[in-house]
Asks: 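Right, I'll just put the structure down here and ask away after.
In what follows, every chain begins at residue 1, and chains take the letters A, B, ... in the order their sequences are listed.
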2 protein chains.
Amino acid sequence: MTHEVLCVVLQVRSGTLQALLWRRALEPHLGRWSLPGGRLRHDEDVETSIRRQLAEKVDLRKLKHVEQLAVFSTPDRVPGPRVVATAFLGLVPSDVEPTVPEDTSWHTVEQLPRTAFDHGSITLRARERLRSKLSYTNIGFALAPDLFTISALRDLYSAALGYRVSATNLQRVLTRRGALATTGETVPPGRSGGRPAALFTFAEHGMQVTDPFAAFRPPSTR
Amino acid sequence: MTHEVLCVVLQVRSGTLQALLWRRALEPHLGRWSLPGGRLRHDEDVETSIRRQLAEKVDLRKLKHVEQLAVFSTPDRVPGPRVVATAFLGLVPSDVEPTVPEDTSWHTVEQLPRTAFDHGSITLRARERLRSKLSYTNIGFALAPDLFTISALRDLYSAALGYRVSATNLQRVLTRRGALATTGETVPPGRSGGRPAALFTFAEHGMQVTDPFAAFRPPSTR
DNA sequence: CACGTTTTCGATCGTAGAGCGAAAACCTGG
DNA sequence: CCAGGTTTTCGCTCTACGATCGAAAACGTG
């Protein structure tokens with residue numbers, strides 16, 4: 001029984017949430033699109049394995065966030081000898097354009113092409129995880145450049161969540177959580193005019209993905 | 001490379017959160033406490049595997065909730081040939097007393113005994129998962145009997161979370177989420193008197209563990 | 001300089017959870 | 001049968017967070 005690691009690499013590109021997929025060059029499922037990854041080596045754990053494989057095959061050392069998604073282990077999920085897969089969710093900031101091999105390309109998660117094996121449903125599971133965590137963690141930072149305007153961040157959130165997000169609300173929520181840090185700088189407006197936008201960064205302690213916002217809170221120690 | 005499935009079976013017993021552990025009868029780590037589970041068969045996925053193994057060795061078909069926790073895959077996590085583990089979180093309602101084999105017993109998670117391998121940290125991870133989910137899902141129902149009073153539920157939440165929870169608040173929150181259903185019945189008070197407590201059940205749609213409470217909400221369609 | 005555009009800020013509203021205290025409903029002991 | 005203790009339950013208020021709206025700020029263009 002072999003063990004493989006797979007990663008759903010997500011990035012917001014041109015306003016939509018997209019996943020990086022490989023075109024299979026082998027049977028079975030030749031020509032279909034599949035998730036990057038590969039076999040787990042005997043000297044590495046799954047985290048380092050997926051990081052190695054991504055860094056090897058693609059230039060994706062800029063992955064800002066990687067986390068375990070789930071294990072997929074249906075006996076017949078791939079034809080032939082049994083393969084158990086540990087799937088990951090990986091996030092790439094919207095400003096980097098990773099150099100990817102010839103046989104890979106980005107696909108909007110909204111309408112995926114024919115995927116190999118169970119890779120389609122794995123991708124959808126990854127999107128659900130991202131959407132859930134966007135609301136109660138600051139995982140959204142992994143989708144954004146180091147410097148960004150609020151409206152740019154709003155567009156990222158909108159693309160990932162699939163519905164329109166208000167910039168006003170986003171700024172206030174993130175500010176209240178102490179996740180935003182102001183740089184004095186601004187960005188000149190576009191051709192159609194408009195007020196110049198302020199540039200923000202993530203606060204230091206806002207960088208790591210914080211725990212879910214507790215609906216039940218420990219007793220206040222006032 | 002073999003694959004094993006492990007389960008952190010948690011139950012609130014006598015006011016504390018406890019985990020079901022086995023005393024190892026084999027080297028290595030003979031005599032230490034370990035998580036129930038075993039090797040993944042070639043014809044089953046990890047979910048059915050852990051369910052089978054728990055139902056086989058212990059009488060635990062009453063597990064009200066089982067979910068994947070994480071993969072643990074450090075190459076040397078167990079001595080000898082490589083073993084990758086998929087860990088689960090399992091919850092047992094507080095009113096059932098499962099018949100368990102001779103060589104197993106319950107241990108408070110607060111102060112675990114010497115565990116085998118990485119089973120100690122896995123157990124702690126499971127507790128963290130439970131605590132997180134308690135606040136923003138209704139997973140707490142898996143810890144409670146079918147019929148329960150609010151104060152009994154309060155005690156369960158307090159034990160699992162590790163801090164005192166107010167019965168008033170708990171009732172209101174769960175009611176507002178539509179998770180509680182009233183049965184007309186009450187329970188006579190104890191020896192020291194007191195108002196009889198009302199018996200509650202879980203609403204139908206409250207039975208499944210709902211998604212995290214969204215901090216960002218889709219636009220209201222009013 | 002009027003107008004459109006985009007960003008940003010302020011004010012208000014609704015709702016969820018926290019905290020407190022009183023009322024309700026039951027015991028036991030005199 | 002009543003006084004006091006106990007436990008549950010309900011109501012009121014407070015605070016915090018997110019939603020919504022609108023106006024002001026700061027820029028372009030014709």
Side-chain angles (χ1 to χ4, degrees), chain A residues 134-138 140 147-158 161 163-200 210-222, chain B residues 134-138 140 147-158 161 163-200 210-222:
Chain A
L134 271 179
S135 69
Y136 59 90
T137 71
N138 46 14
L147 262 64
F148 55 89
T149 67
I150 291 295
S151 49
L153 192 65
R154 186 252 331 256
D155 294 340
L156 293 177
Y157 271 73
S158 299
L161 286 173
Y163 56 83
R164 217 165 299 282
V165 172
S166 131
T168 298
N169 206 32
L170 182 64
Q171 177 172 12
R172 180 179 18 170
V173 168
L174 294 180
T175 302
R176 242 197 305 238
R177 293 184 186 172
L180 283 183
T182 64
T183 72
E185 307 168 71
T186 59
V187 154
R191 313 219 170 282
S192 53
R195 179 172 173 169
L199 278 175
F200 288 85
T210 59
D211 274 339
F213 238 49
F216 288 103
R217 306 197 182 95
S220 60
T221 53
R222 278 184 278 140
Chain B
L134 271 180
S135 68
Y136 59 90
T137 71
N138 48 13
L147 262 63
F148 55 89
T149 68
I150 291 295
S151 50
L153 193 64
R154 186 251 333 257
D155 293 341
L156 294 177
Y157 270 74
S158 299
L161 287 172
Y163 55 84
R164 216 164 300 281
V165 171
S166 131
T168 297
N169 206 33
L170 183 64
Q171 177 172 15
R172 182 186 22 214
V173 168
L174 294 181
T175 301
R176 243 199 301 241
R177 292 185 187 171
L180 283 183
T182 63
T183 73
E185 305 168 70
T186 59
V187 153
R191 315 219 169 280
S192 55
R195 178 170 171 170
L199 278 177
F200 288 86
T210 60
D211 276 339
F213 240 48
F216 287 104
R217 307 197 183 96
S220 59
T221 52
R222 276 185 280 143

Asks: Please name the pair of heavy atoms, one in B:L170 and one in B:V165, separated by the smallest distance, quoted to 0.1 Å.
Replies: CB-CG1, 4.3 Å
Asks: Could you tell me if the side chain of B:T149 sits less than 4.5 Å from the side chain of B:L199, heavy atoms only?
Replies: yes
Asks: Taking all atoms of both residues into account, what is the closest heavy-atom pair of A:P188 and A:P196, and its distance?
Replies: CA-CB, 4.5 Å
Asks: Check each residue of residues 187-196 of chain A for a non-hydrogen atom within less than 4.0 Å of any atom in DNA chain C, then write out the ones that pass by number, or none.
Replies: A:S192, A:G193, A:G194, A:R195, A:P196
Asks: Please report the distance, rounded to the nearest Å, between CZ in B:F200 and C1' in D:dT8.
Replies: 10 Å
Asks: Mind checking B:A167 for me? I need base, sugar-phosphate or nothing, with any heavy atom below 4.0 Å counting as a touch.
Replies: nothing
Asks: Rounded off to whole Å, could you give me the CG-to-P distance for the A:L153 and C:dT7 pair?
Replies: 12 Å
Asks: Both B:A197 and A:S166 contact DNA chain D. Which one's nearest nucleotide lies toward the 5' end?
Replies: B:A197
Asks: If you define the side chain from C-beta out and look only at heavy atoms, does anything of A:F200 sit under 4.5 Å from A:T182?
Replies: yes
Asks: Remember a base hit wins even if backbone is also touched, and classify B:T168 as base, sugar-phosphate or nothing at under 4.0 Å, heavy atoms.
Replies: base
Asks: In whole angstrom, give the distance that lies between atom CZ of B:R164 and atom C1' of C:dG17.
Replies: 19 Å
Asks: Find the distance B:L170:CG to D:dC10:P and express it as a whole number of Å.
Replies: 14 Å
Asks: Check the distance between D:dT9's P and B:R154's CZ and give it to me in whole angstrom.
Replies: 10 Å
Asks: So what does A:T149 hit on the nucleic acid, given a heavy-atom distance under 4.0 Å: a base, only sugar-phosphate, or nothing?
Replies: nothing
Asks: Can you tell me the distance, in whole Å, between the CG atom of B:L199 and the P atom of D:dT8?
Replies: 12 Å
Asks: Does a side-chain N or O from B:R172 land closer than 4.0 Å to OP1 or OP2 of C:dG17, or not?
Replies: no
Asks: Can you give me the closest heavy-atom contact between A:S166 and A:R154, atom names plus distance?
Replies: C-CG, 4.1 Å
Asks: Can you name the closest pair of heavy atoms from B:S135 and B:R177 and give their distance?
Replies: O-NH2, 3.1 Å
Asks: Report the distance from atom CD1 of A:I150 to atom C1' of D:dA25, rounded to the nearest whole Å.
Replies: 16 Å
Asks: Does a side-chain N or O from A:Q171 land closer than 4.0 Å to OP1 or OP2 of C:dC9, or not?
Replies: yes
Asks: Taking all non-hydrogen atoms of both residues into account, name the closest pair between A:E185 and A:L147 and its distance.
Replies: OE2-CD2, 4.2 Å
Asks: Can you tell me how far P of C:dT6 sits from CG of A:D155, to the nearest Å?
Replies: 12 Å
